[in-house]
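Note that the numbering runs from 1 along the sequence shown for the chain.
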Amino acid sequence: GGDMMADVLQSNTTLTAVNLSSNQLGPDGAESLAAAFKWNTSVRELRVASNHFSSDSSLALLQVLRDHQALVTLDMSHNLVDDRGVIALTEGRDEASEVAELILAGNVITDAGVAALGNALTTSTALTALNLSRNCFTGEGGEALASAVAKNATLRTLDLSSNFLGDAAGIALAEAVAHHPRLTEVLVSDCQFGPATATALATALSANATVARLDVSSNAISATGAAALATALAVNTALTDLNVSLASLGDEGVAALAQGLVTNGTVASLSLAGNALSDAGVAPLAQALTTNRGLQTLNLSGNALGDDAAVSLATALANNSTLSVVDLSLNLIGDAGATAWADLLPLPTSLTRVTLSNNAFGAVGGAALGTALRLNRSITVLDLSGNAVGDVGAASIAAALAEAVQRDDAIWLGPAFALAPKIAFDRAVMERTDRGAVLPADFVWSDLGAWDAVMATGAPKPAAPSKNAPKQKPTRMS
């Protein structure tokens, strides 16, 4: 297969994009492609990720691609590209050959290879996206790359995630980001950063007007780093996507970020997943959501949130008009918390997707959420997987909704609703809601549980039945 494709590339003069990723081409396939690209002049986009190349065969291909003057996008991720391959691609290259997007993720590049890339980056006038995530370089290579980024004027996306950088390289990178004229995405997840790097990045965000996406997840940012980022949020107007999941924030760190959200109106997506956030820590975040008018996506999955947190968030979102996606999966929310969200769903909010999977609620919470869906007009995705809602009540409500027919402004449930457990309204709904209110009143009251009770209220009596009509017992209302 690789040989045949190489033959096509060698003779074809019109093909501009080739994607051969995950095709098990192996070393022979890489060498066949190298031979083909000695003659091909038309391909502008080449993606050959995850093909089990060897370091030697990757080197052979990169040596040829170095001088391919049409190539704009190159993806050689997960192919054992080592320092030799990077050096071959960058040093002694034809100056007319300028790749704009270079993806070398998941390889075995060390500090020497990154230094070579840094040298190329300082003179490049075309490179806009560089992905070196999941390689093997350390702080030495990170600092060399940071120095190059400071001198570059074209880069827009930089992904250095899952390398061994440390704070010294992180601080150097933050200084380069601060005044870069075009960077829009900085992805540095899992780089062994601590509060010092987070503080430096916060300072950079206060000065930078272009970075829209920052991922510092899986770093030990802590509450100290979160407080610094919160300060930046108060003045930054460019950032729209902030990922600080798995960053050891705790309740204190999330409270600090919540304070930043009170005045920030540009961050649209915020991930706080896996930060050991408890019910108490959610309160400041819930309060911020009542006034924030920018956030659209919030990820709180994988924390330790229980019913109190769920209630606080549901109460806050009743007064929020922008949040559309909420992820509360992998928490400890029980029936009371699920019922609070059931109370929220019928209200006119902007919510379209709610994830409550893998929590701790059962039939009561599931039935409440299912019932709430009858009145909701905005939710398109509700994920309740991994809970214990599979009882007859929840199943009957789901079946009833499946058979429901909408007429005007009413939904008429199907016959499956007749299988639902017969639970009094006051027990099933009123005793479980936190949105009820009681007022003193002085008037005659009747439950109107049967037709004879209706008659007792003074309602007009029906016409007398015919003498030949069969007698009927009073029928209870349902």
Return yes if a side-chain donor-acceptor contact under 3.5 Å exists between [X] and [Y], otherwise no.
| X | Y | value |
| --- | --- | --- |
| S329 | N358 | no |
| S324 | S350 | no |
| S58 | N79 | no |
| D111 | T138 | yes |

Inset, instruction - Measure the shortest side-chain to side-chain distance between V149 and V177 over non-hydrogen atoms and say whether it is less than 4.5 angstrom. - result: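 Contact flag for V149/V177 side chains = no.
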Legend entry - Residues which pass side-chain contact (heavy atoms from CB on, under 4.5 Å) with A49, listed by chain and number, not counting sequence neighbours: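 Counting only residues at least two positions away or on another chain, A49 forms a side-chain contact (heavy atoms from CB on, under 4.5 Å) with S21, D75, S77.
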Legend entry - Residues that L80 engages under side-chain contact (heavy atoms from CB on, under 4.5 Å), provided they are two or more places apart: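 Partners of L80 under the side-chain contact (heavy atoms from CB on, under 4.5 Å) test: S55, V108.
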Legend entry - Residues that D82 engages under salt bridge (Lys or Arg N to Asp or Glu O under 4.0 Å), provided they are two or more places apart: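 Only R84 meet the salt bridge (Lys or Arg N to Asp or Glu O under 4.0 Å) criterion with D82.
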Inset, instruction - List for me each residue that meets salt bridge (Lys or Arg N to Asp or Glu O under 4.0 Å) alongside E101, sequence neighbours excluded, and say none if there are none. - result: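 Salt bridge (Lys or Arg N to Asp or Glu O under 4.0 Å) list for E101, sorted by chain: R47.
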Inset, instruction - Scan L65, L104, I103 and name whichever one has a side chain to side chain contact (heavy atoms under 4.5 Å, CB included) with L74. - result: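 Of the listed residues L65, L104, I103, the side chain to side chain contact (heavy atoms under 4.5 Å, CB included) partner of L74 is L65.
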Inset, instruction - Give me the one residue out of N107, L62, V81 that meets side chain to side chain contact (heavy atoms under 4.5 Å, CB included) with V86. - result: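 Among N107, L62, V81, the one meeting side chain to side chain contact (heavy atoms under 4.5 Å, CB included) with V86 is V81.
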Legend entry - Rounded distance [0.5 Å steps], CG in D327 versus CG in L356: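 Reported value, rounded in 0.5 Å steps: 8.5 Å.
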Legend entry - Inter- and intrachain pairs under salt bridge (charged side-chain N to carboxylate O under 4.0 Å, His left out), touching residues 175-200, at least two apart: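 Found E185-R213.
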Legend entry - Sequence neighbours excluded - side chain to side chain donor-acceptor pair (under 3.5 Å) pairs with any residue from residues 193-206: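 Counting only pairs at least two positions apart or across chains, the side chain to side chain donor-acceptor pair (under 3.5 Å) contacts touching residues 193-206 are D167-T197.
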Inset, instruction - Answer yes or no: is there a donor N or O on one side and an acceptor on the other, between the side chain of D159 and the main chain of S161, under 3.5 Å? - result: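 Pair found, side chain donor or acceptor close to backbone of S161.
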